[in-house]
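As structure tokens, the structure follows; a few thoughts come after it.
For the numbers below, each heavy atom of this structure counts, side chains included, while hydrogens, waters and symmetry mates do not. Remember, predicted model here, so these are calculated numbers, not experimental data.
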Amino acid sequence: MVLVSYDISDNKLRTKFNKFIRKFGGRLQFSLYEIENSPAILDNIVSEIRNNFETKFSEEDSVMIITLSSSCTIETYGYARHNNEELIIV
């Protein structure tokens, strides 16, 4: 799994980045996405960031891509604790 976190100050650029990144995974937090890790998807994301976003970033903007291993543990509290539960509606 890969986590993509971003902090982009420009509203228009942030909205554009959000629309781009949500094509690949689900939102965990306002600016944090969980993406299934595949080399092709990750290459696509990195390429798009480098070619279409990075030159538009200001000094305050940042994007972080964090690759998680199978030995990573995730603890959740509050509403986030329900993210891994299956919901069955009858």
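Cluster annotation: Phe57 is not connected to Met64 through the hydrophobic network of ILVMFWY side chains, with a link wherever side-chain heavy atoms come within less than 4.5 Å. Taking hydrophobic clusters as Ile, Leu, Val, Met, Phe, Trp and Tyr residues chained together by side-chain heavy-atom distances below 4.5 Å, Leu68 does not share a cluster with Val4. Placement of Val46 and Tyr6 within a single hydrophobic cluster is found when ILVMFWY residues are connected by side-chain heavy-atom separations under 4.5 Å, directly or transitively. A single hydrophobic cluster is seen to contain both Leu42 and Phe20, as judged by linkage of ILVMFWY side chains at heavy-atom distances under 4.5 Å, directly or through other members. Ile65 and Leu13 fall within the same hydrophobic cluster, where Ile, Leu, Val, Met, Phe, Trp and Tyr residues are linked whenever their side-chain heavy atoms come under 4.5 Å apart, directly or through other members.
One distance of note links CD of Glu60 with CG of Asp10; it measures 11.0 Å at 0.5 Å rounding. Rounding to the nearest 0.5 Å places CD of Glu48 at 9.5 Å from CD1 of Ile21. Between the CD1 atom in Ile8 and the OG atom in Ser62 there is a gap of 8.0 Å [rounded to 0.5 Å].
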Starting from the C-alpha separation in whole Å, work towards a yes-or-no answer on side-chain contact (heavy atoms from CB on, under 4.5 Å) for Phe24 and Asn44.
CA-CA 10 Å; Phe24 299 100; Asn44 188 2; 3.8 Å; yes

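Between Phe53 and Phe17, the gap from one ring centroid to the other is short of 6.0 Å.
Across every non-hydrogen atom of Leu32 and Ser5, the tightest pair is CD1-CB, 3.8 Å.
Using modelled atom types and a 3.5 Å distance limit, the side chains of Asp61 and Ser9 yield a donor-acceptor pair. With hydrogens and angles left out, the side-chain atoms of Ser47 and Asn51 include a donor and acceptor closer than 3.5 Å.
A heavy-atom distance below 4.5 Å is not found between the side chains of Leu3 and Ile35. Between Glu34 and Met1 the shortest side-chain heavy-atom distance falls below 4.5 Å.
Both tests pass for Arg27 against the ring of Phe30: distance under 6.0 Å to the centre and angle within 45° of the axis.
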